Amino acid sequence: MGGSSREDFVQEVRAAAGIDRLIGDYVSLKTSGHKLKGLCPFHDEKTPSFTVDPEKGLFYCFGCRVGGDVFKFYMLHENAEFPDALQELAHRFGVPIPQHRGGNSGEQTRLREMHREAVAFFRTSLASGAGAAARRYLAGRGLDAETVQFLKVGYAPDSWDALKSRLRQAGYREDELLKSGLTVPRKDGRGSYDRFRNRLMFPIEQAGGGVIGFGGRILGEGEPKYLNSPETPIFQKGRHFYGLSWSRDAIREADRVIIVEGYTDFAALWQAGVRNVVAVLGTSFTPEHARLLARYTHRAVINFDADRAGRSAADRAVTVLMERDFELRVLELPSGQDPDGHVRAAGANAYLELVACAPTFIEYLISSACVGRDMRTPEAKAQAVADILPRLAEVKNRVLLAAAMARIAQHLDLREADLRAEFRRVAPALRRGGAPPAPVRSQPERNCTLAERQLMHLLLTSADVRREVAATAREEELRDLTAGHIITVVLNQERAGHEVTVEGLQTLLEKEDQARLLAAVMEDFPGLVAADWEESWRIIRKEHLEKESRILQRQLRQSMEEGGDTTGVERLLRRKLEVRRLIETL
């Protein structure tokens, strides 16, 4: 593809994606003037510093100083290279991909396309004669055809190479099959075979849509009961949930997420009309999971199985979510039921009533600490307190901590003052062991002045300003500025007759200057108009001349102390007087 046609394709994808549409799939954004703001997905923060400007097609975080366009966001969030981001966004937003680009598609794009092929294969297999047992299993779990179709559930045949043969026919190489995790290498090193065999297949999508892995439930005897895709370039279990791509809007609307353990738990709740739900992928709950959910809500109900493994997993999820200041409840269903069985037996309304009155995380901690103990004895109370206090050390909000202390003291029939004293005694040790995170720099190491930032902003938003400054500015006046190189590049582009865009300038600047450029173009300057460039330029010129005056003064003093020649001293003096006159005229 020629350069111009490739650029046309890039621009078409950029326009179709829309930065607010794309980022809105990952971050909860709220309107702030003509911009949108939210919590940055690239670093932990409680006060929104992440800004999206739909008109400019840019995002920028004033906290961690990361920014760019739709492609940059996707590349950062999905750890993708530009060719993969271009192809994936084209797929997602319905932009036709020129056919002769197929041979140049990136690795991650190939893997995503391979997973789409696998989804189609598994769904066809489910509808075939070989899928009869899988269809009976689904019917026995009460899942209707509409839910199965919506969730794209399929079936992996009881064959060593059925999927592999399909993918090889579609043009995928042996090394690509292995990298996708859909096949497993043979022990003798000769080729591979299908990873998933005789399993009900649940496609796993990333939050913004697009299949990146699978969960397979075995039909009949065999272990493991559930088998997930391995870690691949497009799939990491600790960064994804099952079902979030479908439920994210419902989570935002309800401002609460229900977290369950299994694929069939999710499917049963979804079919029953409970849509603000996600399922973990058979892995420990991670900080990345909490960060992902925090884009949609800060209220969560954990509904894991009531067995030992489920309680352990719930404890881990409570710890991680508390660190992100979630409002938490922990639901254990009656008689040890799982969500799937309960909602099928009792219905959605009964389930939602239990969700609404589920114990808070404090009540859950108290209940867990009291299980199997005779709480009438001082020893049992002391042991329960010893179990609870490490969890309280995770609570950062002082109001919540105070409420928790009062509730625990009341339930265990203790004096609140004694409980607080014990907490103060052990809290330093409980909180010790992890260095606090390094502070995020809110500004570059060398800050741009207000005049520099305003001039950059006007240069990037007004062609008239660029022309006037290009005709006025001299390179030596820019050399000492923090933003001097950026302004020089902008003016050189203008003088050469090139189009000046943020995207184009980013390719010409080093990382630090890229951040400065984005910060300037995204910053709000109330009341700033194009004509104000003259005042900004006057300030910059004055600062440059005053610096030159100070240098000349030092040189004059040194020359006179060293008995320098009269001609040199006179030259320095004339220049110093000229500089002072220039300053006075500004």
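Throughout, numbering of the chain's residues begins at 1 and tracks the sequence. Just so you know, these numbers come straight off a predicted model, no measurement behind them.
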*Asks:* Quick check, are the ring centers of Y60 and F62 under 6.0 angstrom apart?
*Replies:* yes
*Asks:* Should the ring pair F525 and H457 be called parallel, tilted or perpendicular, given that the plane angle runs from 0 to 90° and is split at 30 and 60?
*Replies:* perpendicular
*Asks:* Applying side-chain hydrogen bond (donor to acceptor under 3.5 Å, both in side chains) to E88 and T109, what does each step give before you reach the verdict?
*Replies:* CA-CA 6 Å; E88 188 61 31; T109 297; 5.4 Å; no
*Asks:* Looking at side-chain heavy atoms only, is the closest gap between I302 and V318 below 4.5 Å?
*Replies:* yes
*Asks:* Assess whether atom CD of E253 is packed by more than 12 heavy atoms of other residues, nucleotides or ligands within 6.0 Å.
*Replies:* no
*Asks:* Does R453 come within less than 4.0 Å of E523, counting only side-chain N to carboxylate O?
*Replies:* yes
*Asks:* For residues E534 and R538, determine if any side-chain heavy atom of one lies less than 4.5 Å from a side-chain heavy atom of the other.
*Replies:* no
*Asks:* Tell me whether R316 contacts the main-chain N or O of F285 through its side chain, where contact means a donor paired with an acceptor under 3.5 Å.
*Replies:* yes
*Asks:* Considering non-hydrogen atoms only, spot the tightest contact between R495 and V469 and give its length.
*Replies:* NH2-O, 4.4 Å
*Asks:* Could you check whether E176 pairs with R173 (Lys NZ or Arg NE/NH1/NH2 to Asp/Glu carboxylate O, under 4.0 Å)?
*Replies:* yes
*Asks:* How about L178 and S192: do any of their side-chain heavy atoms sit closer than 4.5 Å?
*Replies:* yes
*Asks:* Are R299 and V257 packed together at the side-chain level, in the sense that at least one heavy-atom pair is separated by less than 4.5 angstrom?
*Replies:* no
*Asks:* Relative to the ring of F202, is the ring of Y263 parallel (under 30°), tilted (30 to 60°) or perpendicular (over 60°)?
*Replies:* parallel
*Asks:* Within 45° of the six-membered ring axis of W246 and under 6.0 Å from that ring's centre, is NZ or CZ of R275 located there?
*Replies:* no
*Asks:* Do E452 and R516 sit within salt-bridge range, that is, some charged N less than 4.0 Å from a carboxylate O?
*Replies:* no
*Asks:* Can you list the steps and then say if R14 with Q11 is a side-chain hydrogen bond (donor to acceptor under 3.5 Å, both in side chains)?
*Replies:* CA-CA 5 Å; R14 180 181 284 119; Q11 293 297 342; 2.9 Å; yes
*Asks:* Does the plane of the ring in F266 sit parallel, tilted or perpendicular to the ring in W270? Use 30° and 60° as the thresholds.
*Replies:* parallel
*Asks:* Check whether any side-chain heavy atom of Y26 lies under 4.5 Å from a side-chain heavy atom of L292, and answer yes or no.
*Replies:* no
*Asks:* Is the ring pair F196/F214 parallel, tilted or perpendicular, if the boundaries are 30 and 60 degrees?
*Replies:* perpendicular
*Asks:* When you check the gap from the basic side-chain N to the acidic O, do R65 and E512 get nearer than 4.0 Å?
*Replies:* yes
*Asks:* T472 and E468: side-chain hydrogen bond (donor to acceptor under 3.5 Å, both in side chains), yes or no, with the steps?
*Replies:* CA-CA 6 Å; T472 304; E468 295 194 56; over 6 Å; no
*Asks:* Could you please spell out the steps behind the side-chain hydrogen bond (donor to acceptor under 3.5 Å, both in side chains) verdict for H289 and R239?
*Replies:* CA-CA 6 Å; H289 281 133; R239 294 188 60 194; over 6 Å; no
*Asks:* Looking only at heavy atoms, what is the nearest atom pair of L509 and H485, with distance?
*Replies:* CD2-CD2, 3.9 Å
*Asks:* Parallel, tilted or perpendicular, judged at 30° and 60°: which one describes the rings of H240 and F235?
*Replies:* parallel
*Asks:* Look at E503 together with K72 and state whether they make a salt bridge at an N to O cut-off of under 4.0 Å.
*Replies:* no
*Asks:* If the threshold is 4.0 Å, N to carboxylate O, is there a salt bridge linking D69 and K56?
*Replies:* no
*Asks:* Taking the side chain as everything from C-beta on, heavy atoms only, tell me whether V260 gets closer than 4.5 Å to V278.
*Replies:* no
*Asks:* Parallel under 30°, tilted from 30 to 60°, perpendicular over 60°: which one fits the rings of F59 and F42?
*Replies:* tilted
*Asks:* Taking the side chain as every heavy atom from C-beta outward, state whether L182 and H115 have any pair of such atoms under 4.5 Å apart.
*Replies:* yes
